[in-house]
Amino acid sequence: MSRFGGRLREYPALSIDRFDRDNLRARAYFLSHCHKDHMKGLRASALKRRLEGSLKVKLYCSPVTKELLLTNWKYKFWENHIVALEVETPTQISLVDETSGEKEDIEVTLLPAGHCPGSVMFLFQGENGTVLYTGDFRLAKGEAARMELLHSGTRVKDIQSVYLDTTFCDPKFYHIPSREECLNGILELVRSWTSLSRYHVVWLNCKAAYGYEYLFINLSEELGIKVHVNKLDMFRNMPEILCHVTTDRHTQIHACRHPRDDDCFRGNRLPCGMTCQNGTPLRIISIKPSTMWFGERIKKTNVIVRTGESTYRACFSFHSSFSEIKDFLRHICPVNVYPNVLPVGGTEDKVMELLQPLCRSYRRNQEPRYKPLGTLKRVHKRDLSDTGKKFYKEDTEKNTAQVLPQESDATSTANCNGVPGDQQEPKADVPRWDTFFKCDRLDESSENEDNFPSSAGAGGSQSLFSDSDGVSDSTHISSQNSSQSTHISEQGSQGWGSQGWDSQMDTVLITSQERNAAEFSCFSRTGSRMIPVPHEAAKESQADNSSWKAPGQNRSGASDVICDLKSKDLEKEAEAGTAHVQEVLVETPDASRAPDLELKRDSQSSSDFEIPLTPDAELPQPDKLYCLYKKLAAGESICLLLP
DNA sequence: GCGATCAGAT
DNA sequence: CACATCTGATCGC
């Protein structure tokens with residue numbers, strides 16, 4: 001939850017996402033999205049009075065946010081003071097002090113934040129430098145690199161400060177399954193259940209907040225079943241959402257709520273009161289979206305966990321994971337970073353410790369440290385001149401494998417463009433190969449920031465994320481790229497309620513794992529009925545968040561979808577974290593590969609074999625190092641397909 | 001009576 | 001358990 005005070009150090013005349021106290025004197029207001037913790041003071045009488053006495057003071061937000069806000073009568077008084085700014089459209093704003101007449105111009109650009117409908121980040125450019133306020137965001141790896149307006153030409157803009165959503169800024173949240181993985185897991189579970197009969201219904205136990213709409217849309221699109229919600233008038237001007245939700249309770253997917261909806265559910269009643277149809281009792285399962293996260297070395301991501309006879313938990317996150325946050329910040333490479341959120345159980349100091357290494361302010365002050373392998377990266381020739389694509393990288397690649405005194409990968413180098421001196425780190429000592437080569441393993445207790453615990457976070461709920469391989473009596477639902485088959489059992493009632501559901505027994509997992517995953521198998525200790533669902537290619541349009549865009553401003557077209565398709569595999573590859581060095585060393589790029597595919601790869605994964613800047617370097621896996629050194633020692637050419 | 005704040009539940 | 005919101009208790013104006 002946001003604890004941002006509302007004001008940027010660089011532009012104190014603005015107030016963002018906070019509207020109380022000092023913020024009452026702001027010259028302009030900004031709202032990143034319509035969640036209550038970002039709207040503190042927005043309906044207070046003090047602010048209301050201020051508006052009544054002013055012609056100038058405005059609230060700037062995205063068109064969708066404006067729509068959602070004004071649908072709530074409590075905020076109607078803002079109506080003549082809201083200015084909707086189109087996303088990705090730089091806009092000049094004059095900030096006038098109404099008492100002194102003092103004036104300041106600033107340019108603001110709204111960038112999509114992927115958090116909930118209408119959510120944006122604000123990029124401010126003015127005389128005190130360029131500042132990015134992220135609001136809350138969920139952006140996949142590489143998405144910052146693809147945002148044109150964060151860049152000038154081929155380089156990222158020189159950004160003074162980033163005010164960052166640090167909700168999951170903790171190594172234990174290293175990985176959160178992608179939107180698509182989560183969506184597919186939920187989709188297959190809902191499909192399996194609702195296809196059993198018309199009396200089989202699903203209750204999506206969603207919190208009262210915007211952000212689940214893309215889930216509703218995708219379920220409805222894929223299954224042809226509208227989602228029952230309490231209220232939908234806020235979507236009246238968003239047809240792409242509106243057509244997938246309904247207030248008609250006679251549907252098989254519900255996301256309705258009731259103050260005591262858990263009690264309803266226990267009584268086999270939906271929050272809307274439905275309990276049977278045509279005299280036949282409904283068979284209800286609940287799916288509770290919750291954030292599941294994984295440490296770096298967890299290979300499989302079970303995005304659905306069965307937690308009771310008819311209850312499931314499904315992975316779902318509105319916020320970027322730790323690795324996504326780092327990718328984002330590493331790309332922006334601002335001088336300063338300020339956390340907007342204290343992560344659960346974290347402290348400001350801890351967050352700063354994690355984030356500062358990705359900022360220029362920190363790098364400037366650091367003595368260069370010894371950088372193993374820091375000179376090995378880079379090398380593949382790629383002609384970018386004819387791609388016609390945006391490519392926010394410095395074009396410094398060399399033709400052949402060689403040792404360069406360059407400290408970082410191209411991404412990082414390009415990023416710190418604002419301070420040329422930063423790139424000229426003194427040459428580190430040349431590593432002694434023989435010493436390294438003799439080491440079987442590098443010290444895993446290194447303090448490297450990317451060295452993560454081997455389990456999904458200490459003290460977490462690892463038991464929910466059971467490794468299905470080791471559990472012979474689990475029923476697995478496998479949702480994979482290559483063979484997508486899904487089974488669901490309609491439970492018997494053999495004393496399940498008395499079992500500890502964390503105990504992996506009879507747990508249904510939907511796993512989403514590496515591409516060449518083992519073939520599906522299932523067991524049912526309880527003799528449950530298994531109903532296979534025919535294979536169906538995963539629809540990939542699901543990541544399309546067009547519904548989050550402004551009414552009448554749907555920028556998502558076929559090409560976007562294709563790009564997403566291309567990037568997804570790569571994302572998986574990059575995120576798998578299990579790739580061996582051999583898979584990464586590519587002698588020659590496949591000529592048939594579309595140019596933009598390579599570009600996607602570049603921007604998507606900050607590292608196939610990443611040797612980022614020390615001291616915040618990610619530690620290469622020991623087995624990769626071993627292989628690499630072995631090749632080097634053998635005199636083999638090392639040719640990396642790299643950004 | 002209203003709003004701000006906190007603890008707790010969902 | 002973790003994303004945001006609502007409720008109820010308490011306090012001050």
Side-chain angles (χ1 to χ4, degrees), chain A residues 1-4 17-21 23-24 32-49 68 72 74 113-119 134-139 164-179 182 186 203-215 229-231 234 255-266 271 286-295 303 305 307-308 311 313-322 324-325 340-346 351 456-465 501-502:
Chain A
M1 303 277 265
S2 178
R3 48 166 230 143
F4 177 64
D17 287 357
R18 278 297 286 267
F19 309 91
D20 56 353
R21 308 159 77 107
N23 299 301
L24 285 165
S32 68
H33 65 285
C34 247
H35 278 164
K36 291 282 192 295
D37 57 320
H38 291 252
M39 296 162 65
K40 204 166 184 201
L42 192 56
R43 47 167 291 210
S45 51
L47 190 51
K48 198 170 178 177
R49 277 196 302 276
L68 297 177
N72 189 333
K74 291 169 184 163
H115 176 69
C116 70
S119 68
T134 68
D136 286 348
F137 74 97
R138 177 147 200 207
L139 296 172
L164 187 71
D165 173 14
T166 44
T167 302
F168 291 129
C169 189
D170 183 319
K172 77 181 175 199
F173 305 118
Y174 187 81
H175 177 73
I176 297 171
S178 69
R179 259 186 238 290
C182 299
I186 298 171
W203 174 45
L204 302 171
N205 183 357
C206 297
K207 297 209 166 73
Y210 296 118
Y212 299 97
E213 292 73 16
Y214 82 91
L215 173 61
V229 294
N230 290 16
K231 230 170 143 278
M234 60 283 222
C256 43
R257 290 191 309 274
H258 181 276
R260 305 165 59 81
D261 45 23
D262 278 312
D263 294 340
C264 295
F265 179 70
R266 277 189 285 274
S286 81
I287 303 175
K288 184 173 190 168
S290 340
T291 305
M292 296 175 182
W293 61 88
F294 302 89
V303 299
V305 175
T307 54
T311 59
R313 206 172 280 278
C315 185
F316 199 90
S317 179
F318 302 157
H319 296 270
S320 275
S321 67
F322 182 56
E324 288 165 343
I325 292 171
N340 291 343
V341 181
L342 270 195
V344 179
V351 171
S461 37
Q462 296 99 310
S463 58
L464 291 179
F465 315 127
W501 286 105
D502 281 356

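No experiment lies behind these values; they were computed from the predicted model shown. A, B, ... follow the sequence lines: proteins, then strands. Residue 1 opens every chain.
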(message) Nearest 0.5 Å, please: how far is CH2 in Trp293(A) from CZ in Phe322(A)?
(response) 14.5 Å
(message) Rounded to the nearest 0.5 Å, what separates atom CG in Asp262(A) from atom CH2 in Trp203(A)?
(response) 5.0 Å
Would you kindly give the [atom1]-to-[atom2] distance between [X] and [N], to the nearest whole Å?
X         : N      : atom1 : atom2 : answer
Glu213(A) : dA4(C) : CD    : P     : 13 Å
Tyr212(A) : dA4(C) : OH    : P     : 9 Å
His35(A)  : dC6(C) : NE2   : C1'   : 14 Å
Arg257(A) : dC6(C) : CZ    : P     : 8 Å
His115(A) : dA4(C) : NE2   : C1'   : 8 Å
Lys231(A) : dC6(C) : NZ    : P     : 11 Å
Arg138(A) : dA2(C) : CZ    : C1'   : 14 Å
Lys172(A) : dA2(C) : NZ    : C1'   : 8 Å

Among residues at least two apart in sequence or on other chains, which ones pass side chain to side chain donor-acceptor pair (under 3.5 Å) with [X]?
X         : value
Asp261(A) : none
Ser32(A)  : Asp17(A)
Lys231(A) : Asp233(A)
Ser290(A) : Arg313(A)

Base, sugar-phosphate or nothing for [X]? Non-hydrogen atoms, less than 4.0 Å.
X         : result
Asp20(A)  : nothing
Pro343(A) : nothing
Tyr210(A) : nothing
Lys207(A) : base
Asp261(A) : sugar-phosphate

For [X], which residues count as a salt bridge (charged side-chain N to carboxylate O under 4.0 Å, His left out) partner, sequence neighbours excluded?
X         : value
Lys207(A) : none
Arg3(A)   : Glu348(A)
Arg266(A) : Asp263(A)

(request) Tell me, please, the opening and closing nucleotides of DNA chain B, 5' to 3', among those with an atom under 4.0 angstrom from a non-hydrogen atom of chain A. (result) dA4(B) to dT10(B)
(request) Tell me, please, which residues at least two apart from His35(A) pass ring pair (Phe, Tyr, Trp, His ring centres under 6.0 Å). (result) His33(A), His115(A)
(request) For Phe137(A), enumerate each residue passing the ring pair (Phe, Tyr, Trp, His ring centres under 6.0 Å) test, keeping only those at least two apart in sequence or located in another chain. (result) Phe328(A)
(request) Return the residues of residues 37-48 of chain A meeting this criterion: a heavy atom under 4.0 Å from some atom of DNA chain C. Order them by number, or give none. (result) Asp37(A)
(request) Kindly point out which of dC1(C), dA4(C), dT5(C) is positioned nearest to the side chain of Arg313(A)? (result) dC1(C)
(message) Can you see if the side chain of His319(A) gets near the phosphate of dA2(C) - specifically, an N or O under 4.0 Å from OP1 or OP2?
(response) no
Contacts under 3.5 Å, N or O only, protein and nucleotides 9-13 of chain C:
none

(message) Any heavy-atom pair between the side chains of Arg43(A) and Asn72(A) that's under 4.5 Å?
(response) no
